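One structure is given here, and the rest of the page talks about it.
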There are 2 protein chains.
Amino acid sequence: MSTIDPALIALERALGSGRVITDPDVLASYAVDESEVPPHPPEAAVRVKEAREVADVMRICSEHAVPVTPRAGGTGRTGGAVPLAGGVVLAFEQMTRIKGIEEEDLIAVVEPGVVLGELHRAVEALGLFYPPDPNSLASCTLGGNVAENAGGPRALRYGCTRDYVLGLRVVTADGTELSVGKRTVKGVTGYDLTSLLVGSEGTLAITTEITLKLLPKPESVVTMMVLLPDLVSAGRAVTGVLRRGILPRCMELLDEATLAIVRPETSLPISEAARALLLIELDGEAGALETQLERAGNAVMEAGASDVLVARHGGERDKLWAARRELSRALRKRARYKLAEDVVVPRSRIAALIETCQGISQRSKIAMPSYGHAGDGNIHVNFLWNDPSEEPVVHAAIEEMFKAVIALGGTLTGEHGIGVLKAPFLPLEQAPELIALQERVKTLFDPKNILNPGKIFPSHVAKFHGAC
Amino acid sequence: MSTIDPALIALERALGSGRVITDPDVLASYAVDESEVPPHPPEAAVRVKEAREVADVMRICSEHAVPVTPRAGGTGRTGGAVPLAGGVVLAFEQMTRIKGIEEEDLIAVVEPGVVLGELHRAVEALGLFYPPDPNSLASCTLGGNVAENAGGPRALRYGCTRDYVLGLRVVTADGTELSVGKRTVKGVTGYDLTSLLVGSEGTLAITTEITLKLLPKPESVVTMMVLLPDLVSAGRAVTGVLRRGILPRCMELLDEATLAIVRPETSLPISEAARALLLIELDGEAGALETQLERAGNAVMEAGASDVLVARHGGERDKLWAARRELSRALRKRARYKLAEDVVVPRSRIAALIETCQGISQRSKIAMPSYGHAGDGNIHVNFLWNDPSEEPVVHAAIEEMFKAVIALGGTLTGEHGIGVLKAPFLPLEQAPELIALQERVKTLFDPKNILNPGKIFPSHVAKFHGAC
């Protein structure tokens, strides 16, 4: 009898027969997420149907000191949903209800298993708008979005998930059900535990219900594709648009190495001379957009743009976006191994960051195409390689890149979280006292360290995963 | 020799002679804020000049277990800056530097003593915008804004202080200097301690530097004054505007009792038939505003508005705002005693809340004019009375009002904080487990309970203040 068996027996008793999954094939599907963390199958999984069951699981696992890893869409990029310590996976794929959309109050209440794209469709059908739009929106779910504070291109104008989470129902490590936050857009009663829990990567509490703020849906959207001769011009274009008082919903950048990969795969006219591409998207009242478009056009031409393409309607806009949306996959095809970092620098330092990356790439011979959310300085720097023997070189290149990011006033991750993969680098950004304080917060919420153990903190990760 | 003397001697040694203020006249000025909490003079005060000094004060006060109350502008409405437990007031009135405004990165770095209105002027001169605008903006300071998560009318479109705080430099209870957060608009490295500290009312750490996100300044602003025959029409007007896809920067409401006070003091044509007034303010690109204005006008007329006045320029707009800006003072003149609550309800329930208040007012014979931020449901419910013997009736009326707010899905405070005055009511909104969890967070950050003791938590407040 394994040490986990008494817990599984208690779980089966509490939840009902057949509810505790131990089939190795099913468990294998819960062993990974969309990161490069190697598979770690859990010892059991429970597909919860309601908050009460989550409370039961946590109470029993707390009594037996069994690790619990919450899992929403499993689309995380840093290993947050990988059950490093084994134990029980708490899967939310059956908690998919949109419990309510309150049109007058601009609020939605959802379960953690709701797919983000489904929520977009539901609220947009009512003329409402939920801005966060990570690239995985067709499969990621709100529970994971909350755990990671998911962003996406529209974060430039609209912010990330945390900016829309008004309140949460959660279950704590010992199985206590709690409501934190509020149902109103304003409120300062007590400490903001809601914001603390958002982005805590499943290590402080388990979300069972999310109350989200909605916005009125913008009337019109227009997309511009801008070709530029170099990165410095692209940087000038980004700040030039903002300096004209325009706050686009998105400003996405593709660098030279990325363009070289995209060019043969797209029907878009991307000239050989273009060394940088910007996708700029504006939204708002239709009339105003034309004025803003003209001004944004002037700003990018002044910055040195060679071509500007404008798309006003759904289909045309999708065509401009297709290349951007498919980038992650297109890059993956180009090499056997790919690691994607999502660092952030102050937007004035984007050109400096990408030039630094080009230097690292030349010296290390590791391909490093970069693209991402230029408007908010959140750049996806990719590392592509084919030979496992290159891994130490890749690791050194990543570390050099992170050091450059910190020196430029940036941060390790804009939307993917620390998870497993970035934990070794946390001390590059944060002082030992700050890491220690966060570890004390973790212990306060989870004294037995059963909630998603082995994440975020270097010493926690090292226990299960080695030093990356 | 008092028990605090060894600490004061150590402080004088660390900071230099003459730096520890014990003059009773000066201490008396630090005994109150703009709330109704009775004066509690501290035993000493230090006007700090830099973070290093804050660290010295905290280290020494921690060693001697002396309470420390941080004080920024002293404009708080719930007693947050009143040194209930005596000890040392840490005054920030000399830390008033705007350390930098980075135009390209849309960031400002400020010390806690910077007056909000000064920051507005400095950034607007560069074509930039810092939205939070509490009514006290001419005297409140950024340190207090961060402690209370200050809002203001523009919160409807732009959010509150927390939405603009990217990072903080703080000193913890034991004197450790820490940087939390980031200098970029995005970033998910570790737990969001920044959001936890914002709004923690000086009970978790002391802020010494604030990094704020700025926006491009909106090109134009237009203000509408709308008169309505009743509250239900006003509620319909608010939701009607939002349902047309318009998100105004402000939608302020004055109820019938407030209008009765304002009418004789203003030159504005507010007819006797008007039972509710809305101030709606739109901002954005000039051309777009005209379209939005027309739509908003249609929405309020459809809701039953009798009159609509539009002001497009600074002076005219100020005239429409003057009555709203002066309300707090105008109400104060009407009675010997005034208490202002700032509850929030979902915006669809504003009419229900105000009708409930009218009922309480009729039964209790306490005048209860209400006004506030209708767009986000944050209503300032005032209680006016003249005879000290009425206090128990007022207290019962407040409790009845809070209970109604909670029943309507609302929260006790939208921007004033819990402080001293609202602490007795905290259990109306929050479960005992949630309050206990927050008390453990407090203990984690401040194990000796020396940081602004006697605030937020009912049992902490009761030690110094009785049961309100």
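So you know, we letter chains A, B, ... as the sequences are listed, proteins then strands, and number each from 1. Quick caveat: nothing in here was measured; it's all calculated off a predicted structure.
Contacts of A:Thr239 with chain B are made by side-chain atoms alone, with heavy-atom separations under 4.5 Å and no backbone atom involved. For chain B, the nearby part of A:Ser179 is the backbone; its heavy atoms alone come within less than 4.5 Å. Contacts of A:Val345 with chain B are made by backbone atoms alone, with heavy-atom separations under 4.5 Å and no side-chain atom involved. Only the side chain of A:Arg243 comes within contact range of chain B, with heavy atoms under 4.5 Å apart. For A:Glu429, the part lying near chain B is the side chain, with the backbone staying farther off; criterion is any non-hydrogen pair under 4.5 Å. With a 4.5 angstrom heavy-atom cutoff, A:Leu128 touches chain B only via side-chain atoms. At a 4.5 Å heavy-atom cutoff, the contact between A:Asp163 and chain B is made by side-chain atoms alone. Using a 4.5 Å cut-off between heavy atoms, A:Glu285 touches chain B through its side chain atoms alone. For B:Asp376, the parts sitting under 4.5 Å from any heavy atom of chain A are the backbone and the side chain alike. For A:Ser348, the parts sitting under 4.5 Å from any heavy atom of chain B are the backbone and the side chain alike. Both the backbone and the side chain of B:Arg347 come within less than 4.5 Å of a heavy atom of chain A. Using a 4.5 Å cut-off between heavy atoms, B:Leu242 contacts chain A through both its backbone and its side chain. Neither the backbone nor the side chain of A:Arg236 comes within less than 4.5 Å of any heavy atom in chain B.
Annotation: maximal heavy-atom pairing with chain A below 4.5 Å, among B:Arg183, B:Glu433, B:Glu415, occurs at B:Glu415. Contact count versus chain A (heavy atoms, under 4.5 Å) is highest, among B:Thr176, B:Leu178, B:Ile107, for B:Leu178. The greatest number of non-hydrogen atom pairs below 4.5 Å with chain A, out of B:Pro346, B:Gly377, B:Gly245, B:Ser195, is found for B:Pro346. Between chain B and the residues A:Arg162, A:Lys422, A:Glu219, A:Arg244, the largest count of heavy-atom pairs under 4.5 Å involves A:Arg162. Of the listed residues (A:Thr291, A:Asn149, A:Ile456), the greatest number of heavy-atom pairs within a distance under 4.5 Å of chain B belongs to A:Thr291. Interface summary for chain A: among B:Val238, B:Thr189, B:Asp192, the most heavy-atom pairs under 4.5 angstrom belong to B:Thr189. Contact tally against chain B (heavy-atom pairs below 4.5 Å) for A:Lys186, A:Glu104, A:Glu177: the top residue is A:Lys186. Put simply, of B:Thr443, B:Asn378, B:Thr411, B:Asp105, the one with the most heavy-atom pairs under 4.5 Å next to chain A is B:Asp105. Of all the listed residues (A:Leu193, A:Leu289, A:Ile435, A:Leu215), the one sharing the greatest number of non-hydrogen pairs under 4.5 Å with chain B is A:Leu193. When each of A:Leu434, A:Thr413, A:Val343 is checked for heavy-atom pairs under 4.5 Å with chain B, A:Thr413 comes out on top. Most heavy-atom pairs under 4.5 Å with chain B: of the set A:Lys182, A:Arg349, A:Glu103, this distinction falls to A:Glu103. Heavy-atom pairs under 4.5 Å with chain A peak, among B:Leu204, B:Leu426, B:Ile246, at B:Leu204.
With rounding to the nearest 0.5 angstrom, the CG atom of A:Leu293 is 6.0 Å from the CG atom of A:Leu282.
B:His380 is linked by a ring-ring contact (aromatic ring centres under 6.0 Å, His included) to B:Tyr371, B:His373, B:His416, counting only residues two or more places apart in sequence or in another chain. Partners of B:Phe457 by ring-ring contact (aromatic ring centres under 6.0 Å, His included), not counting sequence neighbours, listed by chain and number: A:Tyr191, B:His460.
Counting only heavy atoms from C-beta outward, the side chains of B:Pro248 and B:Val241 approach each other to under 4.5 Å. In this structure, B:Ile418 and B:Phe425 have side chains that are not in contact, with every pair of non-hydrogen atoms separated by 4.5 Å or more. Looking only at side-chain heavy atoms (C-beta outward), A:Leu444 and B:Leu437 come within less than 4.5 Å of each other. The closest side-chain heavy-atom distance from A:Val441 to A:Leu196 is below 4.5 Å. In this structure, A:Leu106 and A:Pro216 have side chains that are in contact, with non-hydrogen atoms separated by less than 4.5 Å. A heavy-atom distance below 4.5 Å is not found between the side chains of B:Asp446 and B:Thr203. For the pair A:Asp342 and A:Arg77, the minimum side-chain heavy-atom distance is 4.5 Å or more.
The backbone N or O of B:Leu166 lies less than 3.5 Å from no partner atom in the side chain of B:Lys213, so there is not a single donor-acceptor pair. Remark: side-chain polar atoms of B:Thr161 are paired, donor with acceptor, to backbone N or O of B:Ala150 under 3.5 angstrom.
With a 6.0 Å cutoff to the six-membered ring centre and a 45° limit on the axis angle, B:Lys217 does not count as a cation-pi contact of B:Phe129.
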Any chance you could lay out the side chain to side chain contact (heavy atoms under 4.5 Å, CB included) test for A:Leu156 and A:Met251, step after step, and finish with the verdict? CA-CA 8 Å; A:Leu156 171 58; A:Met251 288 207 267; 3.8 Å; yes
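In summary, A:Asp283 and A:Arg157 engage in a salt bridge, as defined by a charged side-chain N under 4.0 Å from a carboxylate O.
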